[in-house]
Amino acid sequence: MAHTSLPELATLPTFQVFQHVGGSPRGLTEAEAAERLQRFGDNQEFHPAGGGLAASTLAAVRSPFVALLAALAVVFVVVGDGRGAAMVGIIDALAVLLRIWQHTRSARAAGELRKLVTSTVTVRRRADDTADRMDREVPTGDLVPGDVVLLQAGDVVAADLRLVAATDLMVDQSVLTGESLPTAKSADVAPAATPRALADTPSLCFSGSTVVAGKATAVVLATGRHTYFGSLAAGAVALRPTSSFDLGVRAVGWTLIRLMLVLAPIVFVVNGCVSGVWDQAAMFGVAVAVGLTPEMLPVIVTTNLARGAAKLARERVVVSRLNAIQDLGAMDVLCVDKTGTLTEDRIVYAHGIDVTGRYDDAVTELAFLAAFFQDAVHDRMDEAILEMLAEQGMSVLADAAYTKVDEIGADDDRGTASVVLRRQPGEHLLICKGDPNAVLALCTHARLNGVDAALGPDLLAEATDLVAAYRKQGMSVMAVAVRALPARLEHYGYTEERDLVLAGFIGFVDPIRASAAGAVANLAAHGVRVKILTGDSPVVARHVARLVGVPTDQVVLGDQVDRCSDRRLRTLVTHAAVFTGLAPEHKVRIVVALRETGCAVGYLGDGVNDVVALRTADAGIAADTATDAAKAAADLILLDKDLGVLADAVVEGRRTLANTLKYVKITAASNFGNVLSVLAASVVLPFLPMLPIQLMVQNLLYDCAQLALPWDRVDRDYLRAPRRWQSRGLASFMLTFGPLSSAFDLITFAVLWWGYGAGNVPSTFQTGWFIEGLLSQLAVVLVLRSRVAPWRGERVAPVVVIAALAAAAIGLALPYSPLGAPLRLTPLPLPCVLWLLLIVLGYAAAAQCVKHFQRKQDWL
């Protein structure tokens, strides 16, 4: 049954609800249940699909660079170069396979986090129509619409339910709403009272929530993916908006493609017009396309991401979407819930006070007695009091000094619960506890220093202000009142809760995590603003925000978000840092608005109410204690729900991005220089300065050396601010260092042409440029990898130097090896090699000088 019909079912009389679902108060028969299970399917929590091999493959081949390499392979086939096509195809396949492997590995690791727990639920079933009803346990997966379910404290609600009968029922809906305190539920139908959110409907309980107190009988309305929980979780399969990483990769890819589409035809036309040999001109055009294409970029990117994922795994962060690592590095806004992230998500007893605010242990003792002798299931406040005072031996003293007479159970309308105790013959003591507003309404006196004083307007106002002040400090408050009565035999009812004496109040806190303030400050130091998005009250949220260092100048309510246009909301989310009373749709709108302002947004959530926001953010983050739906929607899963861990992960994301961009920008500039050199050579040379296959081997050796870049060090200044994949600065970088590279290529051409007569021996010329081009590319990486000089700042990692030296050695040895002939490489005389080394050193020195004078450019 779709959740959209739930509001209507919440207001129908009980017998009409049973008619609607085809059930009976006596429960379904086993045959009916089996038939409905076949029709509606298993009642399984909804998990988004998309983790299989097909989805992993689709994600891997979506890269624009993979498409670019595929197009280049087609070009090689068209011009009849089978070896070139095969090599490009192998590189492309390697990139895709690496990405599939890492994606599958991450998905498997995330899946292992799910708790494999078999749970059951108590249902009312009959063997057949004539049999008596029987209550029994069945697996939650066997629930069907029309089943009658029995609930008690501690039960997890496994389907959407309409309450038929309820006694003191309190339900924790934080997984759906984010509210930290339980919600009262009842079977009463009040059509006129329309709740702001569906989850606030008193007569409905929703899949995923937990019963914390009371008991109830209910009928199942919807199961599985048809529940309200399932409808929110279904947002996890919605198409994810394009992340900042994907936008950046796309921009860089199109920059290179546009250069290729412009330069390759120019070279083809110029060479064809000059030489008149159009077949050769076509090969020149192919050489340009090869020269501009960073063939190993998909492999380099995936290797960087895999390295980052492995490093994050050691930091206890599981990566389920590889690209999210670099989205994490780009993140400049982090949206978090308050409960369980900034706080510990538990209620702790603070102290007892009298009506004037003075500490009073007698109030705490009365609250303990009321909780200790209460037969109804304890809520979290009761448990906190019992936990605190039980350690002091109060249980033994209570049993010795008091005898329970009666109990007045909690009532949704009254907001109070009472016990009646005998402390001495002929006298009973009624102790009432509950919501301060409800208890104060029942009091006529207040206890001050052991004396009962009239609760006049002034004292009442003081008590009300005291409660408000405590709540502003983020505390939950319970009021305690008493009434002395003469002993009697009759039962006590709620009408006895009158003419009470207010003993005082008990304060409770949800402790702030010890690491929260430090983590918020650490994130701020790295350029990440923390914004709180919670379903809790503004008073509590403001207090928590103040304690952890989140600005509280402006607190925005969910109702305000509803009234805002998209344009107004974009302005609002830019300045405000605390958003309270939010429904799931509010969180999504806020995340979307932040992204539309240009922010890269991270979202940390753990409930099904967070699923769509997790998918909408650039980086969705969940803890391993989150719901399965939230973990399935998240890109990263924290094994420790600690913002401090997340701050470390942000730095690792930036390091990963930095090492990837080193390759992209330096390689693009070197390749652009090669293209300019080919363009110049096409005008004056009667042959290709380098064959396409030689250019590909040169690029392959260079790229293999750059596989070590993920292990390189990164300047600390770079890590202090958010970083993104972006094409801005790429063209400028290429136009600066590309022509510089080309100038030294022309010097190489001159040395080879006039110094060694290579103009008459094309293979010698091609070999010379092959070696010089390879060595200059390897050398310039060591120069341009950092904003500062190579001997300052963060030194280059030894593995990067070793990889560069190994690639250089292989390149120098190729002309003298058996592979030289197939590649048409010719051994060079030693003086020629020394000249080439001298040119490479000159190029490295020139690159350092240019970098020094233009280091303010945001290139690296």
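Here, residue 1 is the first one in the sequence, and each next residue gets the next number.
No side-chain heavy atom of K662 sits less than 4.5 Å from a side-chain heavy atom of L784. Counting heavy atoms from C-beta on, the side chains of E652 and T656 come closer than 4.5 Å. Looking at heavy atoms from C-beta onward, D337 lies out of side-chain contact with L604 at the 4.5 angstrom threshold. Between R654 and V714 there is no side-chain heavy-atom pair separated by less than 4.5 Å.
For R542 (side chain) and V555 (main-chain N/O), no donor-acceptor pair under 3.5 Å exists by modelled atom type. Side-chain atoms of S741 never come within 3.5 Å of backbone atoms of F737 as a donor-acceptor pair (strictly under, hydrogens ignored). Judged purely by atom type and a 3.5 angstrom limit, R787 has no side-chain atom pairing as donor or acceptor with the backbone of D717. Between the R785 side chain and the R713 main chain, a donor and an acceptor come within less than 3.5 Å of each other. For K531 (side chain) and V573 (main-chain N/O), a donor-acceptor pair under 3.5 Å exists by modelled atom type. Side chain of D332 to backbone of C599: no donor-acceptor contact under 3.5 angstrom is found. Between the R595 side chain and the T616 main chain, a donor and an acceptor come within less than 3.5 Å of each other. Remark: side-chain polar atoms of K665 are not paired, donor with acceptor, to backbone N or O of F733 under 3.5 angstrom.
The nearest pair of heavy atoms linking A324 to L636 is CB-CD1, 3.9 Å. For the residue pair C564 and L572, the shortest heavy atom distance occurs at SG-CD2, 3.9 Å. Taking each heavy atom of T580 and A541 in turn, the nearest pair found is CG2-CB, 3.3 Å. Of all heavy-atom pairs between T552 and A545, the closest is CG2-CB, 3.5 Å. Minimum heavy-atom separation, Y603 to L334: N-CD1, 4.2 Å. Shown here for T574 and R529, the closest heavy-atom pair between the two residues is O-NH1, 3.6 Å.
The distance from the CZ atom of R570 to the NE2 atom of H575 is 13.5 Å, given to the nearest 0.5 Å. Atom CZ of residue R314 and atom CG of residue D648 lie 13.0 Å apart, to the nearest 0.5 angstrom. Summarising the geometry, atom CG belonging to L547 is positioned 5.0 Å from atom CD1 belonging to I512; distances are rounded to the nearest 0.5 Å. From H586, atom NE2 reaches atom CG of L569 across 10.0 Å, with rounding to the nearest 0.5 Å. Distance check, rounded to the nearest 0.5 Å: OG of S515 to CG of L646 gives 11.0 Å. Here the CD1-CZ distance, from I325 to R655, works out to 12.5 Å after rounding to the nearest 0.5 Å.
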* Asked: Under the side-chain contact (heavy atoms from CB on, under 4.5 Å) criterion, do C335 and L594 qualify, and how do the steps go?
  -> CA-CA 10 Å; C335 300; L594 284 167; 3.7 Å; yes
* To do: Start with the C-alpha distance between V591 and K587, add both sets of side-chain angles, then the distance that settles side-chain contact (heavy atoms from CB on, under 4.5 Å), and finish with yes or no.
  => CA-CA 6 Å; V591 171; K587 297 180 180 181; 5.6 Å; no
* Mind running side-chain contact (heavy atoms from CB on, under 4.5 Å) on W711 and N659 for me, showing each step along the way? => CA-CA 8 Å; W711 286 264; N659 286 330; over 6 Å; no
* Audit row: D566, R589, side-chain contact (heavy atoms from CB on, under 4.5 Å) steps and yes/no -> CA-CA 8 Å; D566 291 343; R589 282 197 68 198; 3.0 Å; yes
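T667 and Y702 form a side-chain donor-acceptor contact under 3.5 Å, judged by distance and modelled atom types alone.
The one candidate from V318, V317, L312 that meets the side chain to side chain contact (heavy atoms under 4.5 Å, CB included) condition with L638 is V317.
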